[in-house]
Number of protein chains: 2
Amino acid sequence: MTKWRDASGKSLEDYPRPSVAVDVAVLTVADGELKVLVVKSPRDGLALPGTFVHPGETTQRAAVRALAAKAGLLGIEFHQLGVFDDPQRDYRGWVISVAHGAALPLDRFPVDSTLISIVNDVPVEDLAYDHAQMVTFAVADLRERYARAVDPDRLLGEAFTVLGLRQLYEAIYARPLPKDTFRRQLVDGLVSAGQLEVGGGRPAELFRRLPNCLLPRSAASLFYGDYGRRRG
Amino acid sequence: MTKWRDASGKSLEDYPRPSVAVDVAVLTVADGELKVLVVKSPRDGLALPGTFVHPGETTQRAAVRALAAKAGLLGIEFHQLGVFDDPQRDYRGWVISVAHGAALPLDRFPVDSTLISIVNDVPVEDLAYDHAQMVTFAVADLRERYARAVDPDRLLGEAFTVLGLRQLYEAIYARPLPKDTFRRQLVDGLVSAGQLEVGGGRPAELFRRLPNCLLPRSAASLFYGDYGRRRG
DNA sequence: CAAATAGTGTCTTTTAGACAGTATCGC
DNA sequence: GCGATACTGTCTAAAAGACACTATTTG
């Protein structure tokens with residue numbers, strides 16, 4: 001196969017091209033709030049793990065490679081968040097970055113991981129470059145996906161109680177959710193696991209996710225709160 | 001300012017980089033259905049307008065430039081849809097594309113524009129590369145934005161009737177919407193323009209968009225239909 | 001007047017949300 | 001029994017959706 005040339009005889013490489021990076025915001029829930037994984041470097045301080053995209057590779061595979069190399073994490077599902085392309089965003093030159101998001105249960109992180117709390121959709125410590133904004137995008141994406149299905153990223157294990165599920169959603173949406181309405185909205189996305197979890201009082205029933213079950217769109221109103229209007 | 005070098009003395013340009021393009025799906029509503037603007041070329045057949053991103057330029061500005069050059073369209077607001085990065089997607093070599101979406105009223109297109117109907121979220125004619133999938137993304141993005149506000153892209157003019165607005169939404173969501181519920185959902189996102197539009201019967205009141213007014217999240221259920229469940 | 005289209009009153013069914021009740025455990 | 005937590009029945013207010021009625025134009 002011979003290399004492509006345009007009308008003036010130039011190939012693609014004869015034109016200026018940016019470097020293309022991926023940066024990954026890996027979220028988790030701990031202590032009732034969202035947190036994000038960061039890595040430390042002498043030059044950048046705190047930053048999201050990232051890498052340059054290699055030839056023949058998709059950005060998603062580059063994200064997998066970055067997480068394996070920089071945080072020792074394998075088998076994660078990434079979601080594309082958007083392209084960050086301000087020409088000034090990287091002091092090294094013309095670098096655009098494709099931000100990706102993912103979420104993992106706390107126990108899958110290496111013990112020496114650095115997790116930064118997210119408050120008001122922004123990490124509480126400064127991150128390098130435009131990485132704080134990527135975190136905001138990752139949170140928005142997580143909320144959208146959690147409004148459509150029951151814990152799609154399996155931040156809880158296979159089996160969980162309704163209380164555990166509600167506390168997870170309260171952390172993700174950063175607001176209290178009414179106990180009984182929450183149960184009624186989600187219960188027909190669940191099946192009993194036939195087991196009980198003993199605790200301080202009456203044991204709670206353990207549930208599993210109903211496979212391929214989407215939540216009704218009205219559930220989004222519950223999680224987000226039906227922004228303003230009405231209630232005169 | 002001296003050029004950045006990494007530990008092995010190499011600059012960014014010493015590593016392989018992809019060409020980065022933008023492709024733009026400009027949507028409109030005509031004859032009660034969504035359509036998308038395409039351009040014809042001898043080599044690619046039908047394709048979305050696009051261009052390579054220039055140094056010092058954002059992808060959004062490249063999108064503006066592409067539309068001005070290839071379709072004679074100015075003053076459009078673009079929304080980023082996603083990155084298409086399959087290494088095989090372009091026969092010329094390693095080209096990733098940042099897809100953008102926009103929407104314009106029919107009367108803003110040049111008279112010789114080619115508009116392709118969109119049925120089942122896909123253009124009815126084959127497009128080059130992965131451009132058909134970009135159109136699907138653009139439709140999804142348009143629907144999301146139209147569920148959050150009243151005709152944010154101003155496909156209708158400044159003033160319009162509730163009937164006109166409903167027909168627009170029926171075209172966008174490709175489903176009939178109940179006349180009275182639609183009105184009650186949207187009417188408090190509108191203000192009367194103090195004018196009437198005469199027609200075959202009783203004249204219809206003209207409305208304007210209430211500035212900065214978000215629709216309640218429950219409106220999304222109306223537009224999309226509350227996917228399945230219930231109603232036993 | 002009839003025809004046509006705009007807009008609303010109202011009824012039914014459903015549901016969110018609140019509250020309080022009942023159920024089931026450990027002690 | 002008592003405390004604690006899980007779950008559920010029920011009431012109320014609100015809203016969706018359907019239907020039909022009223023309103024205002026043209027011819």
Side-chain angles (χ1 to χ4, degrees), chain A residues 32 147 150 156 159-170 173 175-208 214-232, chain B residues 32 147 150 156 159-170 173 175-208 214-232:
Chain A
V150 177
L156 303 173
F160 45 83
T161 65
V162 175
L163 174 61
L165 189 63
R166 178 161 56 91
Q167 288 171 339
L168 174 67
Y169 272 77
E170 289 180 335
Y173 292 93
R175 58 195 298 271
L177 299 174
K179 158 182 154 153
D180 33 18
T181 303
F182 180 85
R183 184 187 198 86
R184 278 186 258 257
Q185 284 275 4
L186 294 203
V187 79
D188 38 338
L190 305 175
V191 281
S192 171
Q195 289 180 292
L196 299 178
E197 183 187 73
V198 298
R202 170 176 169 179
E205 189 169 7
L206 286 167
F207 292 92
R208 300 182 191 283
L214 294 181
L215 292 171
R217 263 200 142 81
S218 55
S221 310
L222 173 65
F223 302 147
Y224 284 98
D226 210 336
Y227 32 34
R229 310 262 255 107
R230 260 176 282 297
R231 235 152 289 295
Chain B
V150 177
L156 303 173
F160 45 82
T161 65
V162 176
L163 174 61
L165 189 63
R166 179 161 55 90
Q167 288 171 338
L168 175 67
Y169 273 77
E170 289 181 336
Y173 292 93
R175 60 195 299 271
L177 299 173
K179 154 183 156 156
D180 36 19
T181 304
F182 180 85
R183 184 187 197 87
R184 279 186 258 257
Q185 282 277 2
L186 294 202
V187 78
D188 39 335
L190 303 175
V191 282
S192 171
Q195 288 180 293
L196 298 179
E197 183 188 73
V198 297
R202 170 175 169 178
E205 190 170 7
L206 286 166
F207 292 91
R208 299 181 193 284
L214 294 181
L215 292 172
R217 261 197 144 81
S218 53
S221 312
L222 174 64
F223 303 147
Y224 285 97
D226 211 336
Y227 31 35
R229 308 260 257 114
R230 258 176 283 298
R231 234 154 290 295

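Reminder, nothing fancy here: chain letters follow the sequence lines and each chain counts from 1. These numbers come from the heavy atoms of this one structure, side chains and all, not from hydrogens, waters or symmetry mates. Worth saying up front: this structure is predicted, and the values here are computed from it rather than measured.
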Listing time: all N or O pairs from protein to nucleotides 21-23 of chain C that are below 3.5 Å?
{"unit_1": "C:dA23", "atom_1": "N3", "unit_2": "A:R202", "atom_2": "NH1", "d": "3.1"}

Between atom CD in A:E197 and atom C1' in D:dC7, what is the gap in whole Å? 15 Å
Nearest-Å distance, CZ (A:R217) to C1' (D:dA16)? 17 Å
What is the separation between atom CZ on A:R183 and atom P on C:dA16, rounded to the nearest whole Å? 15 Å
Looking at every heavy atom in both A:L215 and A:Q185, which two are closest together, and how far apart are they? CD2-O, 4.2 Å
A:S192: which residues meet the side-chain hydrogen bond (donor to acceptor under 3.5 Å, both in side chains) condition with it, sequence neighbours left out? A:E205
Whole angstrom is fine here: how far is it from CZ in A:F182 over to C1' in C:dA18? 18 Å
What one should report as the nearest heavy-atom pair of B:T181 and B:L222 is CG2-CD1, 4.1 Å
Nearest to side-chain heavy atoms of A:E205, which nucleotide of D:dC7, D:dA6, D:dA16: D:dC7
Check the distance between C:dT15's C1' and A:D188's CG and give it to me in whole angstrom. 13 Å
I want to confirm an ordering. Mapping B:P203 and A:P203 to their closest nucleotides on DNA chain C, which one lands closer to the 5' end? B:P203
Under-3.5 Å donor-acceptor pair between B:D180 side chain and D:dC19 base: yes
Of A:T181 and A:L196, the one whose closest nucleotide on DNA chain C sits nearer the 5' end is A:T181
Looking at every non-hydrogen atom in both residues, tell me the closest pair between B:R208 and B:A159 and how far apart they are. NH1-CB, 4.3 Å
Which residues share a side chain to side chain contact (heavy atoms under 4.5 Å, CB included) with A:A220, sequence neighbours left out: A:A147, A:Y224, B:R217
For atom CD of A:Q167 and atom P of D:dT5, their distance in whole Å: 11 Å
Work out which heavy atom in B:V198 is nearest to a heavy atom in B:P203; give both atom names and the distance. CA-CB, 4.2 Å
Qualifying residues under salt bridge (Lys or Arg N to Asp or Glu O under 4.0 Å), relative to B:R183, sequence neighbours excluded: none
Within this structure, what is the CG-to-P distance between A:L206 and D:dC7, rounded to whole angstrom? 9 Å
On a heavy-atom basis, which atom in A:L190 and which in A:L186 lie closest, and how many Å separate them? CG-O, 3.5 Å
Between the protein and nucleotides 10-13 of chain D, are there any N/O to N/O pairs under 3.5 Å, and if so, what are the atom names and distances?
{"unit_1": "D:dT10", "atom_1": "O4", "unit_2": "A:R184", "atom_2": "NH2", "d": "3.4"}

Using ring-ring contact (aromatic ring centres under 6.0 Å, His included) as the criterion, list what pairs up with A:F223, not counting sequence neighbours. A:Y169, A:Y173
Specify the separation, in whole Å, of atom CG of A:L186 and atom P of C:dG17. 13 Å
